[in-house]
Participant: 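What follows is a structure written as structure tokens; I'll ask about it next.
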Amino acid sequence: MAININQETIKRLADEVGDETVSILFNVFSDELEQYLRQLSDQPTVSQIGDISHAVKSSAASFGADDLALMAQECESRVKQEQDHWVVDRLPEFRTMVEETAHRYKQLASNNDLINSML
């Protein structure tokens, strides 16, 4: 699964915090996603998936991980609608998206040339 990154969001972020701070924030975001991934891998309840989805939605949108933000938004919405079966069926896909996004942002954080190419 290819992880698409909204470059306009990254540019705005860099304008707000400075180019040099972006890699630090990417590391923080990646670490946060890894923490959520551990929680998602520990047989979470549907309610816990909803809570994690809510947190991931906001963070992912802030960092330009739009596909993950949309998936998290959909999971959160389905939890609120008590569509537990849908949530459980999509959990593996959600976990994979969280994992791959964390990995991609960790790669970006360690490569200033990649970040600069986005700015």
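Along the sequence shown, residues carry numbers from 1.
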Participant: Taking only residues two or more places apart in sequence, or in another chain, which ones meet E32 in a salt bridge (Lys or Arg N to Asp or Glu O under 4.0 Å)?
Facilitator: none
Participant: Measure the spacing between CG of L91 and CD1 of I49 and express it to the nearest 0.5 Å.
Facilitator: 4.5 Å
Participant: Find out if a path of hydrophobic residues (ILVMFWY) with successive side-chain heavy-atom gaps under 4.5 Å connects V28 to I3.
Facilitator: no
Participant: Testing the basics here: between L40 and V98, what is the closest heavy-atom pair and its distance to 0.1 Å?
Facilitator: CD1-CG2, 4.1 Å
Participant: Sequence neighbours left out, what pairs pass salt bridge (Lys or Arg N to Asp or Glu O under 4.0 Å) with at least one residue falling in residues 46-74?
Facilitator: K57-E76, E74-R78
Participant: Can you tell me how far CD of Q83 sits from CG of D89, rounded to the nearest 0.5 angstrom?
Facilitator: 11.0 Å
Participant: Only pairs at least two apart or in different chains count here, so list each ring pair (Phe, Tyr, Trp, His ring centres under 6.0 Å) that has a residue in residues 33-57.
Facilitator: none
Participant: Identify the heavy atoms of F94 and C75 that sit nearest to each other, and give their distance.
Facilitator: CG-SG, 4.2 Å
Participant: What residues form a salt bridge (Lys or Arg N to Asp or Glu O under 4.0 Å) with E8, not counting sequence neighbours?
Facilitator: K11
Participant: Locate the shortest heavy-atom distance separating S62 from T9; write the atom from each residue and the value.
Facilitator: O-CG2, 3.4 Å
Participant: Return the set of residues passing salt bridge (Lys or Arg N to Asp or Glu O under 4.0 Å) with E34 (not counting sequence neighbours), or none when no residue passes.
Facilitator: none
Participant: For a side chain to side chain contact (heavy atoms under 4.5 Å, CB included) check, start with the C-alpha distance between E93 and R90, then their side-chain angles and the critical distance, and finish with the verdict.
Facilitator: CA-CA 5 Å; E93 179 183 354; R90 298 304 188 294; 3.6 Å; yes
Participant: Would you please test Q81 and S77 for side chain to side chain donor-acceptor pair (under 3.5 Å) and show each step?
Facilitator: CA-CA 6 Å; Q81 296 170 29; S77 175; 2.8 Å; yes
Participant: Apply side chain to side chain contact (heavy atoms under 4.5 Å, CB included) to the pair D84 and V79, showing each step before the final yes or no.
Facilitator: CA-CA 6 Å; D84 296 5; V79 169; 5.9 Å; no
Participant: Ignoring hydrogens, what is the shortest heavy-atom contact between A69 and A61? Give both atom names and the distance.
Facilitator: CB-N, 3.8 Å
Participant: Find out if a path of hydrophobic residues (ILVMFWY) with successive side-chain heavy-atom gaps under 4.5 Å connects M97 to V88.
Facilitator: yes
Participant: Would you say that S53 contacts Q73 through its side chain, given a criterion of any heavy-atom pair below 4.5 Å between the two side chains?
Facilitator: no
Participant: Just list the side-chain donor-acceptor pairs under 3.5 Å for residues 16-27, sequence neighbours left out, or say none.
Facilitator:
unit_1	atom_1	unit_2	atom_2	d
T21	OG1	V17	O	3.2
N27	OD1	K106	NZ	3.3

Participant: Roughly how far apart are I52 CD1 and Q35 CD, rounded to 0.5 Å?
Facilitator: 9.0 Å
Participant: Is a side-chain donor or acceptor of S30 paired with a backbone partner of A102 at a separation under 3.5 angstrom?
Facilitator: yes
Participant: Find the distance between CD (Q43) and CD (Q48) and round it off to the nearest 0.5 Å.
Facilitator: 10.5 Å
Participant: Quick one: pull up CD in Q39 and CG in D42 and give me the separation to the nearest 0.5 Å.
Facilitator: 8.0 Å
Participant: Classify the ring geometry between Y105 and F63 as parallel (under 30°), tilted (30 to 60°) or perpendicular (over 60°).
Facilitator: perpendicular
Participant: How many angstroms lie between atom CG of L37 and atom CG of D31, to the nearest 0.5 angstrom?
Facilitator: 12.5 Å
Participant: Can you check whether Q107's main-chain N or O pairs, donor with acceptor, with S110's side chain at less than 3.5 Å?
Facilitator: yes
